Amino acid sequence: MDVPSDPYGAPAAAGAAGESAGIPLRQLLLAVGDPLVDVLAAPAGLDVRVDNVVIVDPEDEAEASVGDLVLLIGARGSAARHLVRAAARRGAAAVAVKAASDEPAYPPPQGWQSAPAVRRGGDEVALLRTEASEAGVALLAVRPEVRWDQLQSLCRSVLDDARLTSAADLGESGGDLYSLAQTIAALTGGLVTIEDSASRVLAYSTGEEVDELRRLSVLGRQGPEQYLALLREWGVFSRLRAGEEVVHIDEHPELGIRRRLAVGIHAGSQPLGTIWVQEGARPLAANAEEALLGAARMTALQMVRHRTETTVGLRLRDDLLASLLEGRIEAAALADTIEVTADRPALVVAFALSPGTAPGRSGSQQTRTEERDRSGRELNRRRLVDLISVHTAAYRRTSLVTAVGGRIYVLMPDLTRQAPGAAETSGEGAARRSAESSVLALTRKTVEAARATLGVAVQGAVGSPVDSLAAIPDSRAEADRILDAMGRDLANDVATMSDVRTRVLISETLAYLRGTPALRDPRVSALAEHDAAQGSDLVVSLLAYLEDFGEVRTAANRLHIHPNTLRYRVRRAEQVSGIDLADPTQRLFTHLQLLLERGT
């Protein structure tokens with residue numbers, strides 16, 4: 001039977017006729033990857049074939065052969081680089097080395113979240129990565145706690161199993177399609193059914209106001225033939241197979257058919273299925289077509305995976321994307337995994353639930369057990385990932401979404417590069433500002449959709465565009481800095497660094513002060529302690545006075561007190577603390593620490 005090819009770079013099944021021995025490195029990584037190894041470099045991609053696993057020490061460099069995965073033990077520095085080159089010359093598919101610990105050698109002060117960690121062995125790893133890239137061999141980093149003999153045994157078991165397994169059948173698996181169907185229903189305001197190319201129902205959303213066609217389709221797990229014949233007669237299926245057009249089907253009360261939207265799911269030119277949205281008691285949402293288009297692109301990714309590889313295949317893709325965002329892998333290593341251009345401008349958008357967001361819609365859910373709350377948070381996170389994926393796929397086909405920790409990151413690749421001379425005609429960075437503005441609008445729309453359809457408050461931060469994927473960790477780090485500040489001090493739902501740069505810098509400075517008590521002025525601390533003990537308002541009064549540049553009447557009006565009362569409180573604050581507000585340096589640091597005291 002003909003099977004669709006995987007446009008996202010999934011490997012061909014091992015053992016197909018005409019292929020060389022062994023399996024693609026990608027397939028090996030699916031089984032033994034995270035948390036055992038990371039990809040540091042893959043200049044020839046992840047589909048190089050591995051047919052053996054050998055352990056090599058500094059005295060045995062001749063042991064490496066064509067197609068080997070070389071486990072390099074007992075070598076560091078220049079000796080390791082020499083062996084990497086030797087293995088590459090002998091045709092090794094990949095070299096694995098023990099990487100230095102990710103534990104920071106000099107941890108930053110507590111609370112200084114944006115400060116980069118200084119890591120042991122960073123130079124050594126960078127040199128090995130360069131060596132492997134120039135030699136044309138894949139480089140894997142093995143976690144320090146992993147035993148070489150155990151890794152060798154595991155890899156050989158994977159190779160042996162693959163040799164005994166014939167080509168796997170491609171299939172269409174539901175996976176998270178039910179969750180995705182529910183998300184599409186929330187975005188479009190309709191009732192959703194996802195079907196394969198044979199009109200078999202793969203997943204559907206819940207809801208009432210079901211018409212006869214939907215009822216029969218869900219009950220029978222397939223579209224009823226009498227209705228399918230009508231849709232073919234109306235030309236619906238031919239239009240759905242032809243491309244990404246969103247097809248409108250008018251209401252036919254006499255046939256039990258309500259108004260519908262439909263879109264084909266495609267992998268390249270291969271039709272995989274259809275998403276149907278039936279209108280219920282209320283009209284469909286204004287942006288239903290856009291949401292449906294993005295959903296079709298996301299659904300295609302799941303429907304072309306092997307049954308046995310759906311979950312792990314997506315995990316490897318997510319792991320590689322996370323490695324790129326964190327600067328642990330070169331962009332070239334993803335060339336056969338993600339369809340993006342490495343040397344085009346790109347940026348990162350980061351999303352996170354707002355601080356204090358409950359896991360569900362109602363306050364009663366917060367009183368449930370911790371286990372059920374955890375399940376609720378995970379379900380919310382999965383739905384949020386789906387919602388963000390649908391929106392970003394509609395905006396840009398090549399956008400990539402992954403969850404890292406408690407945040408969801410979107411890589412927006414292939415942005416428009418500013419043409420030569422554009423700075424003279426339209427101002428420096430005009431093209432970048434245009435791209436940033438467009439992504440900012442998308443981020444606002446996504447945050448609003450999360451609030452409206454999922455009932456959760458979400459914050460979004462847009463990192464600045466960078467020239468290529470190699471610099472994408474910089475855009476991700478900037479988005480993280482903005483989100484960090486939002487979680488501490490900023491009330492914004494969506495922001496870029498240009499919107500809140502000063503606020504971000506102040507927030508980071510306060511975080512540093514919060515985590516470094518030695519840098520605080522004890523006089524300001526004494527003032528806060530006096531307020532706590534006496535029930536006075538000297539801190540808030542002095543802060544208002546400083547924020548309004550000593551304009552007593554303006555500050556007093558804001559505090560709703562008489563100007564003379566404010567003057568008295570300012571004098572009293574000087575007496576209690578011993579701070580001389582006539583000294584500009586004391587005034588500056590007092591203002592900064594008062595912001596911290598107000599926050600605590």
Side-chain angles (χ1 to χ4, degrees), residues 1-13 167-178 180-181 183-185 187-188 190-205 213-214 216-218 220-250 257 260-278 288-307 309-310 313-314 317 338-339 386 389-390 393-394 396-399:
M1 157 174 101
D2 292 336
V3 295
S5 60
D6 185 347
Y8 296 91
D169 291 332
L170 280 173
E172 297 172 343
S173 172
D176 284 335
L177 288 182
Y178 277 92
L180 186 56
T183 299
I184 302 168
L187 292 172
T188 60
L191 303 170
V192 173
T193 306
I194 301 176
E195 300 180 1
D196 66 10
S197 55
S199 297
R200 292 180 299 232
V201 175
L202 301 177
Y204 53 90
S205 66
L213 172 55
R214 177 180 170 87
L216 293 175
S217 297
V218 171
R221 305 299 295 176
Q222 188 169 11
E225 180 54 39
Q226 66 270 30
Y227 285 100
L228 298 181
L230 283 173
L231 294 174
R232 283 193 289 269
E233 180 183 334
W234 296 339
V236 172
F237 285 118
S238 60
R239 292 169 65 188
L240 292 173
R241 287 193 298 269
E244 287 190 323
E245 174 191 4
V246 175
V247 179
H248 293 248
I249 298 96
D250 293 333
I257 297 178
R260 270 175 172 72
L261 298 180
V263 68
I265 305 167
H266 297 83
S269 60
Q270 176 71 41
L272 301 180
T274 310
I275 302 177
W276 303 85
V277 179
Q278 178 215 304
E289 290 192 35
E290 181 182 0
L292 199 52
L293 179 60
R297 294 171 179 175
M298 288 301 303
T299 307
L301 178 61
Q302 296 186 31
M303 293 178 64
V304 296
R305 297 296 185 189
H306 289 81
R307 284 193 186 96
E309 290 184 359
T310 298
L314 291 173
R317 176 176 172 272
I338 59 176
E339 294 182 338
D386 286 342
S389 298
V390 166
R396 186 174 298 275
R397 175 187 290 277
T398 53
S399 63

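Since this is a predicted model, take the numbers as computed values, not measurements. Starting from 1, each residue takes its place in the sequence as its number.
Closest non-hydrogen pair, Ala185 versus Gly190, comes out as CB-O, 3.3 Å. In this structure, Tyr204 and Ala181 approach most closely via the heavy-atom pair C-CB, 3.9 Å. Nearest heavy atoms, Ala393 versus Ser399: N-OG, 3.6 Å.
Judged by distance alone, with hydrogens and angles left aside, the side-chain atoms of His266 form a donor-acceptor pair with the main-chain N or O of Arg241 at under 3.5 Å.
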- How far apart are the C-alpha atoms of Val192 and Trp276, what are their side-chain angles, what is the distance that settles it, and do they pass the side chain to side chain contact (heavy atoms under 4.5 Å, CB included) test? CA-CA 6 Å; Val192 173; Trp276 303 85; over 6 Å; no
- Task: List the steps and the verdict of side chain to side chain contact (heavy atoms under 4.5 Å, CB included) for Val201 and Ile194.
- Result: CA-CA 6 Å; Val201 175; Ile194 301 176; over 6 Å; no
- Going through the checks in order, is the side chain to side chain contact (heavy atoms under 4.5 Å, CB included) test met by Leu261 and His248? CA-CA 5 Å; Leu261 298 180; His248 293 248; 3.3 Å; yes
- Mind running side chain to side chain contact (heavy atoms under 4.5 Å, CB included) on Ile184 and Ile275 for me, showing each step along the way? CA-CA 9 Å; Ile184 302 168; Ile275 302 177; 4.2 Å; yes
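Atom OG of Ser197 and atom CG of Leu272 lie 7.0 Å apart (nearest 0.5 Å). How far CD of Glu225 is from CG of Leu230: 10.0 Å, rounded to the nearest 0.5 Å. The CG atom of Leu180 lies 7.0 Å from the CE atom of Met298; values are rounded to the nearest 0.5 Å. In this structure, the separation between OG1 on Thr274 and CG on Leu240 is 5.0 Å, given to the nearest 0.5 Å. Taking CD of Gln226 as the reference point, atom CG of Leu216 lies at 6.5 Å (rounded to 0.5 Å). To the nearest 0.5 angstrom, Glu244 atom CD is 5.0 Å from Leu293 atom CG.
When each of Leu213, Val277, Val247 is paired with Arg260, the side-chain contact (heavy atoms from CB on, under 4.5 Å) condition holds for Leu213 and for no other. Among the candidates Ile265, Leu202, Val263, the single residue satisfying the side-chain contact (heavy atoms from CB on, under 4.5 Å) test with Thr299 is Ile265.
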